[in-house]
Protein chains: 2
Amino acid sequence: MASRLKSTFRFHLDMHSGVPVYRQIVDQVRGAVAGCNLNAGDQLPTVRQLAVDLEINPNTVVRAYRELEYDGLLETHQGTGTFISDQKLHRPADERQRQLEQIASDSIARAGAAGFTIRELIDQLRSASEGRKQ
Amino acid sequence: MASRLKSTFRFHLDMHSGVPVYRQIVDQVRGAVAGCNLNAGDQLPTVRQLAVDLEINPNTVVRAYRELEYDGLLETHQGTGTFISDQKLHRPADERQRQLEQIASDSIARAGAAGFTIRELIDQLRSASEGRKQ
DNA sequence: CCATGTGTACTATATAGCTAGTACACTAAT
DNA sequence: ATTAGTGTACTAGCTATATAGTACACATGG
């Protein structure tokens, strides 16, 4: 059987938020990875187990995992399980560029909606960057 | 009639992108404001005119304009027209700065989770900005 | 007051999205 | 080969979303 650790990460759903269940799962996994609560090699709950825990249909879990797999954040192995992938080293450059453009576009839209210019956003990012000594 | 300038900004739709029409309008206005192609006081195309230009239903334009109005990005005056609002006058500077920091922080978190550096994000934003101004 | 141009409200309908149900396929341990 | 555990595929139905149709209300200029 699998020798890799199962994470202790716990999911939580808000059924009254209006946010689709599969999206809540996606966001929680992304957040956990970004916050190092989930790390490369960690096994996620199985499709069925998470479906039981959250009292939802297995296909809803599948949908969430599939989107994360498409993003390269995790790998699924039929018959074995679903695991956090070894980062983005294997992802093609064009897909990577596409994702960066998406992030930038969303950031611009959000800043614009709040009445900020791209210039202001860039300046803020730059000062934040210096603050982190990156 | 209205003395304020009508902007020369042009909308463009991709009917095959799968992105809702109203959302394309919203994003283009937000982007234009962020990129200073639309400025405070500019009049947007009328609901009916834009509907004719884009060959869509007026209500679709209404929906887009309403979302932007809710965000405080524009103001509608029944019988007169729809105009880009001057948000800077309506919000305290410190709250504005706090909001900008929040947006920047979120953008950094998202980019970081996807394996990008702040530098890469800034470069992408800059090229997007230049692309808008030609 | 009237004509015209503006945004608004309400309803209807087609489409897409989300979730569920059920059955199948692959993997590994026995 | 069997069995239990895993992900996968396909279908269906309900819900929300997006758009269209039609009629109404406000603003401005003659």
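Just so we're on the same page: letters track the sequence lines, and every chain starts at 1.
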Using a 4.0 Å cut-off on heavy atoms, which residues in residues 17-27 of chain A reach DNA chain D? List them by number, or say none. none
Hey, could you give me the CD1/CG distance between B:Ile118 and B:Leu125, rounded to the nearest 0.5 Å? 11.5 Å
Please state how far atom CG in B:Leu54 lies from atom P in D:dA18, giving the value in whole angstrom units. 17 Å
Partners meeting side-chain hydrogen bond (donor to acceptor under 3.5 Å, both in side chains) with B:Arg23 (sequence neighbours left out): B:Glu67
Rounded to whole Å, the CD-C1' distance (A:Gln78 to D:dA9) equals 10 Å
Just do the side-chain contact (heavy atoms from CB on, under 4.5 Å) check on A:Val29 and A:Phe11 with the steps written out, would you? CA-CA 9 Å; A:Val29 171; A:Phe11 288 87; 3.6 Å; yes
Between P of D:dC26 and CD of B:Glu75, the distance in whole Å: 20 Å
To the nearest Å, how far apart are B:Leu44 CG and C:dG5 P? 20 Å
Write down the distance between CG (B:Leu74) and P (C:dT8), rounded to a whole number of angstrom. 10 Å
Within the modelled atom types, does a donor on one side and an acceptor on the other bring the side chain of B:Arg48 and the base of C:dG7 under 3.5 Å apart? yes
Scan residues 44-55 of chain A for pairs that pass salt bridge (Lys or Arg N to Asp or Glu O under 4.0 Å), counting only residues two or more places apart or in two chains. none
State which of D:dA27, D:dA9, D:dA20 makes the closest approach to the side chain of B:Thr80. D:dA27
Rounding to an integer number of Å, can you tell me how far A:His77 NE2 sits from D:dT8 P? 10 Å
Indicate whether OP1 or OP2 belonging to C:dT6 is found under 4.0 Å from a side-chain N or O atom of B:Thr76. no
Applying side-chain contact (heavy atoms from CB on, under 4.5 Å), run through B:Leu54 and B:Ile25 and close with a yes or a no. CA-CA 10 Å; B:Leu54 300 179; B:Ile25 296 173; 4.1 Å; yes
What's the closest nucleotide to the side chain of B:Asn57 if the choices are D:dT8, C:dT19, D:dT19? D:dT19
Whole angstrom is fine here: how far is it from CZ in A:Arg63 over to P in C:dC18? 4 Å
Evaluation steps, side-chain contact (heavy atoms from CB on, under 4.5 Å), between A:Thr46 and A:Thr82: CA-CA 7 Å; A:Thr46 68; A:Thr82 303; over 6 Å; no
Applying salt bridge (Lys or Arg N to Asp or Glu O under 4.0 Å) as the test, list every pair that has at least one member in residues 102-115 of chain A; sequence neighbours left out. A:Asp106-B:Arg110, A:Arg110-B:Asp106
Test of understanding: with side-chain hydrogen bond (donor to acceptor under 3.5 Å, both in side chains), list the residues that count as partners of A:Gln97, not counting sequence neighbours. A:Glu101, B:Gln124
Enumerate all atom pairs, one protein N or O and one N or O from nucleotides 10-13 of chain C, separated by less than 3.5 Å.
unit_1 : atom_1 : unit_2  : atom_2 : d
C:dC10 : N4     : B:Asn59 : ND2    : 3.2

A:Glu55 has an atom CD; how far is it from atom P of C:dA20, in whole Å? 11 Å
Measure from the side chain of B:Thr60, starting at C-beta and using heavy atoms only, and say which of D:dA20, D:dG7, D:dC26 lies closest. D:dA20
What verdict does the side-chain contact (heavy atoms from CB on, under 4.5 Å) test give for A:Leu13 and A:Ile56, after you've listed the backbone C-alpha separation in whole Å, the side-chain angles of each residue and the deciding distance to 0.1 Å? CA-CA 10 Å; A:Leu13 293 185; A:Ile56 58 177; 4.1 Å; yes
